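Step one of this worksheet: look at the structure below.
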Amino acid sequence: MSEKRDIQISKALSYLLRHGAAKEKLPMDEQGYVKLSTILSNNRIKTHRATKQDIERIVETNNKKRFTLISRDDGIYICANQGHSLKTINNDNLQKLEPKDFPSQLIHGTTLPKLKLILESGGLSKMNRNHIHFTSNLTNDDANGVVTGIRYNSNILIYLDITKLQNQDEIQFYKSLNDVYLTPGDSNGVLSKEFFFKIVDRKTGQSVI
């Protein structure tokens, strides 16, 4: 099968399951699951003549493990593991973190121009998404710079102060099915820069501020 075609199908799935379900009138439950047969009948997927086997292969081989398939009594369902902007999605598909559950590090990837805006605005914002994304593990960084939870073009890494996070109760963190760490931030959708531990260049590891 064509890798390019799989990428196109994956992008269509991401749009539908993260952002476009309401606009496309797809029945979606509060955890973000849509029946696979419904997805396969959507024009964005039909354009690529995608089959059930195509979707299963893409879910299995996706380098960021973006999707999950589950079997229910009435059929197979699919969801995006994180990255939603749909406000109807709740956190039931996520593991709520207690202080003891925090990993030893949480890292957000960004770029130098965006870092300036982040610092000037006072912290990380979830923008139009439901959560701000983090990874706890850079060792899965492959030859293409792919790390689950960090964009491929991120050249700046913001490390959070885990101890500070563990000793506050205003901001909740979660872990997704594909091991991305998420937070909705405070009541304004922001994670204050007071929780930043260090900011480094991704390639050199040197501090940038």
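Since the model is a prediction, treat every value here as computed from it, not as a measurement.
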What distance separates R44 CZ from Q8 CD, expressed to the nearest 0.5 Å?
13.0 Å
Crowding at NZ, K23 (>12 non-hydrogen neighbours, <6.0 Å):
no
V34 vs L16, side chain to side chain contact (heavy atoms under 4.5 Å, CB included): CA-CA, chis, key distance, verdict:
CA-CA 10 Å; V34 176; L16 292 171; over 6 Å; no
If every non-hydrogen atom of L138 is compared with every non-hydrogen atom of T135, which pair is closest and at what distance?
CD2-CG2, 4.1 Å
Where N62 and S10 come nearest, the two heavy atoms and their spacing
ND2-OG, 3.4 Å
Backbone N or O of E170 within a donor-acceptor pair of the Q168 side chain at under 3.5 Å?
yes
Hey, mind stepping through N91 and H131 against side chain to side chain donor-acceptor pair (under 3.5 Å) and telling me if it holds?
CA-CA 10 Å; N91 294 317; H131 301 100; 3.0 Å; yes
D74 atom CG, neighbour heavy-atom count above 12 within 6.0 Å
yes
Going from OG on S187 to CD1 on I171, what distance comes out if it is rounded to the nearest 0.5 angstrom?
9.0 Å
With no hydrogens and no angle check, is any side-chain donor or acceptor of R129 less than 3.5 Å from a backbone partner on G83?
yes
Enter the distance from K65:NZ to S176:OG here, rounded to the nearest 0.5 Å.
13.0 Å
Under 3.5 Å: donor-acceptor pair, side chain of N178, backbone of K64
yes
Under the 3.5 angstrom rule, does the side chain of T183 hit a backbone N or O of Q172 as a donor-acceptor pair?
yes
Can you tell if the side chain of D186 reaches within under 4.5 Å of the side chain of S192, non-hydrogen atoms only?
no
Heavy-atom distance under 4.5 Å between the side chains of I76 and K52, does that happen here?
yes
Are L17 and Y77 joined in one hydrophobic group, where the rule is that I, L, V, M, F, W and Y side chains link up if heavy atoms are under 4.5 Å apart?
no
Show, in sequence, the C-alpha distance, side-chain angles and deciding distance for Q31 and C79, and conclude whether the side chain to side chain contact (heavy atoms under 4.5 Å, CB included) test is met.
CA-CA 8 Å; Q31 291 182 318; C79 77; over 6 Å; no
Do the side chains of I150 and L157 get nearer than 4.5 Å, heavy atoms only?
yes
Over all heavy atoms of both residues, which pair between T110 and I118 is shortest? Give the atoms and the distance, please.
OG1-CD1, 3.8 Å
Please check this pair: side chain of H108 against backbone of H133, looking for a donor-acceptor N/O pair closer than 3.5 Å.
yes
Does the side chain of I39 come within less than 4.5 Å of S37's, by heavy atoms?
no
Minimum side-chain heavy-atom gap L124-F134 below 4.5 Å:
yes
Less than 4.0 angstrom from a charged side-chain N to a carboxylate O is my criterion; do R5 and D54 meet it?
yes
I'd like to know whether CZ of R49 has more than 12 heavy-atom contacts from other residues, nucleotides or ligands below 6.0 angstrom.
no
For residues P27 and T38, report the shortest heavy-atom separation together with the two atoms involved.
CD-CG2, 3.9 Å
Testing N93, D92, T88 for side-chain hydrogen bond (donor to acceptor under 3.5 Å, both in side chains) with N90, which one passes?
D92
Given the rule that I, L, V, M, F, W and Y join up when any side-chain heavy atoms are under 4.5 Å apart, are I156 and L119 in one cluster?
yes
With a 3.5 Å distance limit and no angle check, can you tell me whether R18 reaches the backbone of Q82 through a side-chain donor-acceptor pair?
yes
Surrounding CZ of F197 (heavy atoms of other residues, nucleotides or ligands, distance under 6.0 Å), is the total greater than 12?
no
Should H19 and N128 count as side-chain neighbours, where that means a heavy-atom distance under 4.5 Å?
no
Establish whether V180 and V59 are linked, either directly or via other cluster members, by ILVMFWY side-chain heavy-atom contacts under 4.5 Å.
no
Look at the side-chain heavy atoms of Ile, Leu, Val, Met, Phe, Trp and Tyr, link any pair under 4.5 Å apart, and say whether I199 and L165 land in one connected group.
yes
Here the gap from L36 atom CG to R72 atom CZ, rounded to the nearest 0.5 Å, amounts to 12.5 Å
Tell me the closest heavy-atom pair linking I132 and S125, and the distance in Å.
CG1-C, 3.8 Å
Determine whether I7 and K4 make a side-chain contact, defined as any pair of heavy atoms from C-beta on separated by less than 4.5 Å.
no
Heavy-atom check, side chain of K175 versus side chain of D101, under 4.5 Å:
no
Distance (rounded to the nearest 0.5 Å) between Q166 CD and D161 CG:
9.0 Å
Are more than 12 heavy atoms, taken from residues, nucleotides or ligands other than Q53, located less than 6.0 Å from that residue's CD atom?
yes
All heavy atoms of G75 vs all of K35, minimum pair found to be CA-CE, 4.3 Å
Assert yes or no for the condition that the ring centre distance of F173 to Y181 is strictly below 6.0 Å.
no
Could you tell me whether a side-chain N or O of Q105 sits under 3.5 Å from a main-chain N or O of S136, the two making a donor and an acceptor?
yes
Quick check: does any side chain N or O of K164 sit under 3.5 Å from a backbone N or O of E194, one acting as donor and the other as acceptor?
yes
Let me confirm one number: the CG-NZ distance from L115 to K193, rounded to the nearest 0.5 Å.
10.0 Å
Do F67 and L69 sit in the same hydrophobic cluster, where Ile, Leu, Val, Met, Phe, Trp and Tyr count as joined when their side-chain heavy atoms come under 4.5 Å apart?
yes
